Amino acid sequence: MLSHNNLMIYYKNVFALAQHYKYQISDIESLIPYERDLYLDMLLDFIETTKQQQS
Amino acid sequence: MGLPKIDQPLFELVIPSTGKKVQYRPFTVKEEKILLIAQESKSTDQIILAIKQIINNCLVDVDVDTLATFDLEYIIINIRGKSVNNEMTFNITDPDTQEDIELAMDVNDIEVVFDEKHDKKIDLNEQYYIMMRYPSINEVKELQPKAEGEGSSAESTFAIMMACIETTVNNENDEVFNLADFTQEEVNDFVGGFTSATMESIQQFFETMPKMKYSIPYKDNTGKDKSFTVEGMESFFT
């Protein structure tokens, strides 16, 4: 319960940010976990908004 | 060599065993990975090692090996609160109804519980008393009952209990004897003179050591009031 995450989700998130959105892995790793979660949420919101505007 | 550059926000907390205020920073994503790898291993040793590593990195100017087990538990929970979020949600299975129940707790509400019977000061006689120190996490591991077939742990348990006697104080002139300044033979002779009442008090010191505990009330599907208690480092990790 101390952890809100697991190793598989951790690597999937880092891979997605690095592969699709050109974040540097070292930059992601130096964030605080709640910052990474915020950026992920904002990125997902941004993708969703862009999709809606295009359709 | 220059001073280390602190590029993370700093927070303060009070170490439960000493009452000393210390500074800490949140852990980073890279350090979160250390915890996740330990969690994945499901090994208590790995989890303890990971927690010590993180605390060592995040705490400013504190030697992690001098901290009591409940200090480590309290500190890692606080660091986690500032790194991820204050609220922890998790599922439990009710032991009676077998239903899955989602519970939540706020990290800020978790406290170290001190037993009323707990006392670091143990009287030897009218003239002398001893002051105990809390065992480190590695010592606590040794104190725990060994599984069958792992051999007797009585000797090592006794050695650790005795190693936790920090000082002996003379009531009359306040003279303090630090046991670390004496040879093992001298300490053994000293301990050999303890009465059974003193040994019981030492045992009580270990049995009533402070612990991090948190109870969450909930209702099962029959409407019955129940509570779930989270206690100790391992339960916070599973």
Side-chain angles (χ1 to χ4, degrees), chain A, chain B residues 5 7-11 24-42 47 50-51 54 58 72-92 102-105 107 110 212 214 216 228 230-238:
Chain A
M1 79 186 62
L2 191 65
S3 176
H4 69 307
N5 209 346
N6 67 45
L7 210 51
M8 181 64 91
I9 296 172
Y10 175 92
Y11 282 115
K12 276 186 174 172
N13 284 341
V14 172
F15 175 78
L17 288 169
Q19 184 69 20
H20 304 302
Y21 305 105
K22 309 300 170 207
Y23 284 78
Q24 293 293 315
I25 291 179
S26 56
D27 289 343
I28 302 167
E29 285 185 334
S30 60
L31 292 172
I32 299 171
Y34 76 80
E35 289 181 311
R36 177 210 46 208
D37 294 346
L38 283 173
Y39 284 129
L40 270 172
D41 286 347
M42 286 191 276
L43 191 61
L44 291 173
D45 278 351
F46 174 76
I47 293 167
E48 193 59 35
T49 313
T50 312
K51 262 187 194 169
Q52 281 173 359
Q53 282 169 353
Q54 283 171 349
S55 60
Chain B
K5 190 180 159 212
D7 51 7
Q8 303 281 14
L10 287 177
F11 302 94
Y24 67 98
R25 65 161 175 82
F27 58 70
T28 61
V29 170
K30 196 174 192 171
E31 286 161 336
E32 182 191 35
K33 187 168 66 181
I34 297 173
L35 289 173
L36 293 175
I37 290 170
Q39 185 194 30
E40 204 73 26
S41 76
K42 297 185 171 49
I47 290 171
I51 288 176
I54 302 296
C58 296
L72 292 181
E73 293 169 350
Y74 181 75
I75 292 166
I76 193 70
I77 287 288
N78 274 276
I79 295 176
R80 191 263 185 213
K82 292 286 187 278
S83 311
V84 182
N85 62 28
N86 278 354
E87 198 168 275
M88 288 192 221
T89 52
F90 57 95
N91 288 311
I92 59 156
E102 190 180 86
L103 298 177
M105 63 180 174
V107 167
I110 299 172
M212 202 173 61
Y214 188 76
I216 311 156
F228 179 76
V230 189
E231 196 176 321
M233 199 180 291
E234 281 173 64
S235 59
F236 279 90
F237 247 101
T238 49

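The chains referred to below are lettered A, B, ... by the order of the sequence lines, with proteins before strands, and numbering in each begins at 1. In this text, all values refer to a predicted model and were calculated from it rather than measured experimentally.
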**OP:** Answer whether the closest heavy-atom distance between the side chains of B/K33 and A/Y11 falls below 4.5 Å.
**Re:**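 A side-chain contact exists here, since the closest heavy-atom pair is under 4.5 Å.
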
Subject >> Which of A/E35, A/E29, A/M8 touches chain B most, by non-hydrogen pairs under 4.5 Å >> reply: A/E29

Original post:
Top residue by heavy-atom pair count (under 4.5 Å) with chain A, among B/N91, B/T28, B/V107, B/V29?
Top reply: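 Winner by heavy-atom pair count: B/V29.
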
Original post:
Looking at CZ of B/R25 and CD1 of A/I32, how far apart are the two atoms once the value is rounded to the nearest 0.5 Å?
Top reply: 8.5 Å

Does [X] [atom1] have over 12 foreign heavy atoms under 6.0 Å away?
{"X": "A/Q24", "atom1": "CD", "result": "no"}
{"X": "A/I25", "atom1": "CD1", "result": "no"}
{"X": "A/Y39", "atom1": "OH", "result": "no"}

**OP:** Over all heavy atoms of both residues, which pair between A/L7 and B/E40 is shortest? Give the atoms and the distance, please.
**Re:**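 Heavy-atom minimum between the residues: CB-OE1, 3.7 Å.
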
